[in-house]
Amino acid sequence: MKVSLMILLFGLSSPAFAGDFDNWYFKFISVERKVKGETFSADGKIVGTFTGKTFGETSADGKKFTENFEYTYMPEEHLAKDTLIWIRDEKGTFRSSTELHSGEKIWFELTLKAENQYQLKATFDDGKTCETSAQIREDGVLHAVDITKDVDGKVVLTLKYTRT
């Protein structure tokens, strides 16, 4: 009886990062992180700011990771919320997708580069893309740059932000 209880307790208290999500990125975002950044026009001028938070958790079976985002974009005070369900494919790439309130669908591909870097590519229904490069620096803060391009490859918008 004691052994069964110990196994049950150990199983419940073991890290939620076993398997596919046992890496620095998912451990980092399993804690609520504050996000702060600026948006830039195609010609590099600041056109707004945004703040928010991101957080996530591994599913009970360890096969999915749910990542939640909540951002407020200024100057319009536009609130954006989204949830991504990450799965790992047979090649080791993490994938997700979402559908915006407008009905537009976006597919995501996350590649973890090193112990502190990642690249993310989002592809929209209409063919535009957003590519993210991010790195955790010595101060423990994740610094990221998102570059959104239209179907012809021209930069439309850039976001620069931190997650602390």
Side-chain angles (χ1 to χ4, degrees), residues 17 19-21 23-59 61-114 116-136 141-164:
F17 299 105
D20 292 344
F21 305 100
N23 60 60
W24 71 270
Y25 178 79
F26 293 105
K27 288 177 183 177
F28 181 81
I29 62 172
S30 69
V31 175
E32 184 174 299
R33 302 291 176 173
K34 296 200 183 299
V35 179
K36 184 177 181 181
E38 297 175 315
T39 57
F40 298 84
S41 63
D43 61 359
K45 294 181 182 169
I46 296 175
V47 293
T49 62
F50 61 99
T51 58
K53 64 183 177 178
T54 182
F55 53 94
E57 67 181 349
T58 305
S59 64
D61 65 3
K63 296 183 186 269
K64 297 178 184 174
F65 189 95
T66 302
E67 184 173 3
N68 297 288
F69 300 90
E70 297 177 9
Y71 298 134
T72 301
Y73 293 91
M74 301 299 273
E76 304 90 21
E77 290 189 52
H78 171 72
L79 178 64
K81 290 184 175 186
D82 205 354
T83 299
L84 298 178
I85 308 288
W86 292 104
I87 57 169
R88 186 175 184 186
D89 69 15
E90 62 282 346
K91 295 179 183 177
T93 301
F94 296 96
R95 297 185 186 281
S96 187
S97 63
T98 192
E99 188 171 323
L100 302 176
H101 295 291
S102 64
E104 183 176 28
K105 193 155 185 171
I106 309 169
W107 292 269
F108 299 90
E109 185 177 295
L110 172 68
T111 305
L112 302 177
K113 290 297 196 178
N116 61 353
Q117 299 175 32
Y118 73 85
Q119 290 183 326
L120 177 72
K121 183 175 183 179
T123 304
F124 295 75
D125 274 341
D126 63 4
K128 71 178 174 261
T129 60
C130 180
E131 294 187 14
T132 304
S133 293
Q135 177 177 12
I136 294 179
V141 175
L142 188 136
H143 296 262
V145 176
D146 294 2
I147 299 174
T148 302
K149 297 179 181 178
D150 65 15
V151 294
D152 297 323
K154 295 178 187 169
V155 174
V156 176
L157 186 68
T158 299
L159 299 144
K160 294 182 181 180
Y161 56 96
T162 58
R163 288 188 195 184
T164 57

For residues [X] and [Y], report the shortest heavy-atom separation together with the two atoms involved.
| X | Y | result |
| --- | --- | --- |
| A144 | A134 | CB-CB, 3.7 Å |
| F40 | L157 | O-CD1, 3.1 Å |
| I87 | K64 | CG2-CG, 3.9 Å |

Practice task
Kindly state each residue pair satisfying ring pair (Phe, Tyr, Trp, His ring centres under 6.0 Å) with at least one member in residues 141-164, sequence neighbours excluded.
Solution key: F50-Y161
Going by atom type alone, with no hydrogens or angles, which donor-acceptor pairs under 3.5 Å involve a side-chain atom of residues 147-154 and a protein atom two or more places apart or on another chain?
| residue | atom | partner | partner atom | Å |
| --- | --- | --- | --- | --- |
| D150 | OD1 | D152 | N | 2.9 |
| D150 | OD1 | G153 | N | 3.0 |
| D150 | OD1 | K154 | N | 2.9 |

Could you state the interatomic distance from [atom1] ([X]) to [atom2] ([Y]), rounded to the nearest 0.5 Å?
| X | Y | atom1 | atom2 | value |
| --- | --- | --- | --- | --- |
| Y25 | I136 | OH | CD1 | 10.0 Å |
| N68 | T54 | CG | OG1 | 7.0 Å |
| R163 | F55 | CZ | CZ | 12.0 Å |
| T123 | K105 | OG1 | NZ | 12.5 Å |
| I106 | D126 | CD1 | CG | 9.5 Å |
| K81 | T72 | NZ | OG1 | 9.5 Å |

Practice task
Decide if atom CD of E77 counts as having more than 12 heavy atoms of other residues, nucleotides or ligands within a radius under 6.0 Å.
Solution key: no
Are any of the side-chain heavy atoms of [X] and [Y] separated by less than 4.5 Å?
| X | Y | result |
| --- | --- | --- |
| I29 | F65 | yes |
| W86 | D20 | no |
| L110 | F26 | yes |

Practice task
Carefully, step by step, assess T129 and K121 under the rule side chain to side chain contact (heavy atoms under 4.5 Å, CB included).
Solution key: CA-CA 7 Å; T129 60; K121 183 175 183 179; 3.9 Å; yes
Practice task
Check whether any side-chain N or O of S41 sits under 3.5 Å from a backbone N or O of V47 as a donor-acceptor pair, and report yes or no.
Solution key: no
Exercise for the section: Kindly say whether G62 contributes a backbone atom to a donor-acceptor pair with the side chain of T58 at under 3.5 angstrom? Expected result: no
Can I get a per-line list of side-chain donor-acceptor pairs under 3.5 Å for residues 91-101, giving both atom names and the distance, sequence neighbours left out?
| residue | atom | partner | partner atom | Å |
| --- | --- | --- | --- | --- |
| R95 | NE | D89 | OD2 | 2.7 |
| R95 | NH1 | E109 | OE1 | 2.8 |
| R95 | NH2 | D89 | OD2 | 3.2 |
| S96 | OG | I85 | N | 3.2 |
| S96 | OG | I85 | O | 3.0 |
| T98 | OG1 | D82 | OD1 | 2.8 |
| T98 | OG1 | D82 | OD2 | 3.3 |

Output all residues satisfying salt bridge (Lys or Arg N to Asp or Glu O under 4.0 Å) with [X], sequence neighbours left out; order by chain, then residue number.
| X | answer |
| --- | --- |
| E70 | K53 |
| R33 | none |
| E104 | K128 |

Practice task
Look at the rings of Y71 and F69 and say which category their plane angle falls in: under 30° parallel, 30 to 60° tilted, over 60° perpendicular.
Solution key: tilted
